[in-house]
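First up is the structure itself, then whatever we jot down about it.
Here the structure is a predicted model, which is why all the values come from computation and not from measurement. In what follows, every heavy atom counts, from backbone to side chain, and hydrogens, waters and symmetry copies are set aside. Chain naming here is simple, since letters A, B, ... match the order of the sequence lines and numbering starts at 1 in each.
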Amino acid sequence: EDNQCRRCQGNVSDDDSEDGKPLTARFSRKRTGGCSDQTVSALKKARPSDASDSSSVESEPKDEPEHDGRKKWSTLVHNGVVFPPPYKPHGVKMLYNGQPVDLTPEQEEVATMFAVMKDTEYASKETFINNFFTDWRKILGKTHVITKFELCDFTPIYEWHLSEKEKKKQMTSEEKKASREEKSQQDEKFMWAFVDGVKEKVGNFRVEPPGLFRGRGEHPKMGRLKRRIRPSDITINIGEEAPVPVCPIPGESWKEVKHDNTVTWLACWNDPINEKDIKYVFLAASSSLKGQSDKEKYEKARKLKDYIRSIRANYTKDFRSKDQRKKQIAVATYLIDKLALRAGDEKDEDEADTVGCCTLKVENVTCLPPNKLQFDFLGKDSIRYYNTVEVELAVYEAIKEFCAGKKKGGHVFDKLDTTKLNAHLKDLMPGLTAKVFRTYDASITLDTILNKETTDGTVDEKAKVYQRANKEVAIICNHQRAVPKSHDSQMNKLNEKIDELTVELEKANKLLSKKAKKRKLVGSDGDAKRRRKLTPEMLQKKLSQVETRIVETDNHKNNKEDLKTVALGTSKINYLDPRITVAWCKTHEVPIDRDKHFTVLNKLF
DNA sequence: TGCGGAACTTAGTAATCTGGCA
DNA sequence: TGCCAGATTACTAAGTTCCGCA
């Protein structure tokens with residue numbers, strides 16, 4: 001139960017099909033009935049540009065000075081943030097013990113927040129309900145008639161919410177367009193900032209509205225009331241010469257106005273759920289500031305290619321070090337390099353219990369003789385990482401030694417944390433941190449698959465190769481998603497389509513063989529007349545068309561099934577180096593703006 | 001050296017848009 | 001023309017890393 005992925009409760013089984021080559025092997029794992037039945041691989045084979053490949057050309061590591069980067073802008077002008085509209089009471093009464101109850105607008109607002117979540121998993125989670133009810137009762141007051149959650153019936157409010165949704169859906173396209181235009185007119189002013197005189201898009205200029213906290217996994221604070229943010233919570237960061245945005249709520253004012261040009265944020269406030277956490281308003285991903293830092297990220301990953309051989313030699317040497325700290329750093333670096341694991345910082349008690357490499361606990365790793373390790377833990381966003389891999393014998397022995405004598409909950413790497421690990425990595429390559437390995441792995445994989453698998457086919461076929469590379473990167477990074485709600489019905493439709501086409505194929509086949517026997521068919525009904533007109537050549541053509549459609553539909557179906565739990569978007573946005581994509585597009589004559597596969601390039605070009 | 005705050009990137013999901021097909 | 005599937009965008013939670021201070 002502890003290691004249950006938040007997406008599914010399915011069984012997971014391993015299909016030990018590794019080919020026995022630790023560093024270059026394709027590590028595979030299969031799920032049966034679990035939320036990821038795709039082959040999840042670290043895809044370590046065939047990395048032509050990887051330094052482990054003796055044929056690769058290795059350039060001398062060059063120590064480039066980190067550019068100082070303290071000053072991010074000289075002038076910054078913007079219009080502040082947009083606040084959500086004040087709550088509009090609907091007056092629909094919920095039931096308590098079967099009776100309608102009166103609620104003040106403030107009480108009704110929180111009740112509505114809960115009611116509209118009826119069809120989500122949160123609504124049935126004990127922690128969520130308890131946290132919501134505790135916070136709601138503070139607003140209801142000690143003397144309120146509502147004292148027990150079990151007697152609350154939010155259905156009338158939920159039904160009101162459904163009817164509002166339906167009304168919105170029923171709006172004519174003109175009405176929808178008008179409301180869209182009105183909104184974008186209101187937003188226009190806040191949507192842009194001027195950075196050093198250049199107009200740039202602002203990312204999240206809307207202040208987060210009040211709601212119930214939707215923490216992921218088994219988050220102890222889920223359901224807590226996230227209160228409304230007021231201007232007095234907000235710090236504005238703006239150029240000294242720029243006019244300070246007018247506070248949009250009459251009678252209120254900003255918490256503070258700063259002119260800090262060493263940071264890129266335009267506004268910030270403390271998160272009401274975790275007061276020590278800060279929420280920021282940044283520029284959009286398409287802005288030059290974000291684009292620049294993205295470019296630096298990919299450049300760093302590219303630089304790692306020049307250092308990777310010496311880094312691997314370094315950690316391999318330390319697998320047998322007598323210095324336990326050195327040994328742990330070596331093994332942890334090996335795992336991060338080979339499996340693209342995250343660093344894994346310590347977590348507070350009031351967060352979901354997830355781990356990364358440095359925080360792996362003894363129960364997260366099982367040693368399977370002679371030299372396999374089985375990882376089973378909840379990572380970022382409480383997404384399960386389950387993988388069985390063959391490792392170097394020295395790594396296997398070291399992990400066994402690190403775990404020996406430790407109780408459940410004990411850290412595998414007890415002499416290590418992310419600061420120590422990153423400090424060591426920086427000694428090996430300037431600017432190197434644990435997360436660079438993920439970007440590096442993604443780049444190598446994308447480049448390898450694109451170069452290896454692209455043939456002289458159609459643009460569509462080439463785009464499929466790109467999608468496959470995207471998928472492999474997503475699998476390496478363990479980017480998973482919940483099975484789409486409509487998945488089953490879509491699969492049924494595709495099955496029905498295949499059945500229909502198969503019947504059509506059989507009919508055409510029969511007709512063709514009849515024609516072959518007898519050139520003329522005699523019949524009285526319209527269908528027979530129509531069939532009479534078909535020549536064997538026409539039938540043959542139709543036959544091959546239907547066959548092609550069956551194959552295409554079947555491929556489409558298999559692809560959909562294959563990708564049902566793979567989230568492609570994250571790797572597309574954060575891991576696929578656009579320069580690799582552009583180079584491939586140019587080499588293989590794929591128009592860059594051909595379709596949306598490549599809209600991510602807007603970030604850099 | 002360790003800690004914690006600050007700043008930023010990475011992440012999955014829901015809402016929305018869009019283009020192709022019946 | 002309306003529907004549907006697939007893709008994008010918006011939202012915000014959850015990570016990583018940096019940096020200053022004791």
Using whole Å, report how far [atom1] of [X] lies from [atom2] of [N].
X: A/Leu341; N: C/dT16; atom1: CG; atom2: P; result: 11 Å
X: A/Gln467; N: C/dA7; atom1: CD; atom2: C1'; result: 11 Å
X: A/Gln480; N: B/dT13; atom1: CD; atom2: C1'; result: 14 Å
X: A/Tyr122; N: C/dT12; atom1: OH; atom2: C1'; result: 11 Å
X: A/Lys169; N: B/dC17; atom1: NZ; atom2: P; result: 15 Å
X: A/Lys420; N: C/dC18; atom1: NZ; atom2: C1'; result: 18 Å
X: A/Asn478; N: C/dG15; atom1: CG; atom2: P; result: 13 Å
X: A/Phe377; N: C/dG15; atom1: CZ; atom2: P; result: 12 Å

Note: [X]-[Y] ion pair, threshold 4.0 Å (strictly below):
X: A/Asp441; Y: A/Arg438; value: no
X: A/Glu188; Y: A/Lys183; value: no
X: A/Lys497; Y: A/Glu500; value: no
X: A/Lys71; Y: A/Asp260; value: no
X: A/Glu472; Y: A/Arg468; value: yes
X: A/Arg206; Y: A/Asp187; value: yes

Options [options], nucleotide nearest the side-chain atoms of [X]:
X: A/Arg206; options: C/dA14, C/dT8, C/dC11; answer: C/dC11
X: A/Lys560; options: C/dG15, C/dA13, C/dG6; answer: C/dG6
X: A/Lys426; options: C/dC18, C/dA13, C/dG6; answer: C/dC18

Does [X] reach a base, just sugar-phosphate, or nothing at all? Heavy atoms under 4.0 Å.
X: A/Lys201; result: nothing
X: A/Asn422; result: sugar-phosphate
X: A/Gly215; result: sugar-phosphate
X: A/Ala352; result: nothing
X: A/Thr354; result: sugar-phosphate
X: A/Gly203; result: nothing
X: A/Lys168; result: sugar-phosphate
X: A/Pro484; result: nothing

Taking only side-chain nitrogens and oxygens of [X], does any of them come within less than 4.0 Å of OP1 or OP2 of [N]?
X: A/Lys572; N: C/dA7; answer: no
X: A/His487; N: C/dA5; answer: no
X: A/Lys493; N: C/dA5; answer: yes
X: A/Lys226; N: C/dA13; answer: yes
X: A/Asn204; N: C/dC11; answer: no
X: A/Lys497; N: B/dA22; answer: no

Review point. Between A/His219 and A/Phe213, does the ring centre distance come in under 6.0 Å?
Key: yes

Check your understanding: Which sits closer to the 5' end of DNA chain C, A/Gln490 or A/Asp345, going by the nucleotide each is nearest to?
Key -> A/Gln490

Review point. Which residue lies toward the 5' end of DNA chain C, A/Lys183 or A/Thr433, if each is placed at its nearest nucleotide?
Key: A/Lys183

Point to revise | Non-hydrogen atoms of A/Arg481 and A/Leu563 that approach each other most closely | key: NH2-O, 3.0 Å

Check your understanding: Excluding sequence neighbours, so at least two apart, what forms salt bridge (Lys or Arg N to Asp or Glu O under 4.0 Å) with A/Arg214?
Key -> none

Practice item. Please tell me which of A/Arg180 and A/Cys477 maps to the more 5' nucleotide of DNA chain B, matching each residue to the nucleotide holding its nearest heavy atom. Key: A/Cys477

Review point. How would nucleotides 4-10 of chain B be written as a contact map, 5' to 3', with B for base contact, S for sugar-phosphate-only contact and - for no contact, using protein heavy atoms under 4.0 Å?
Key: -SSBBBB

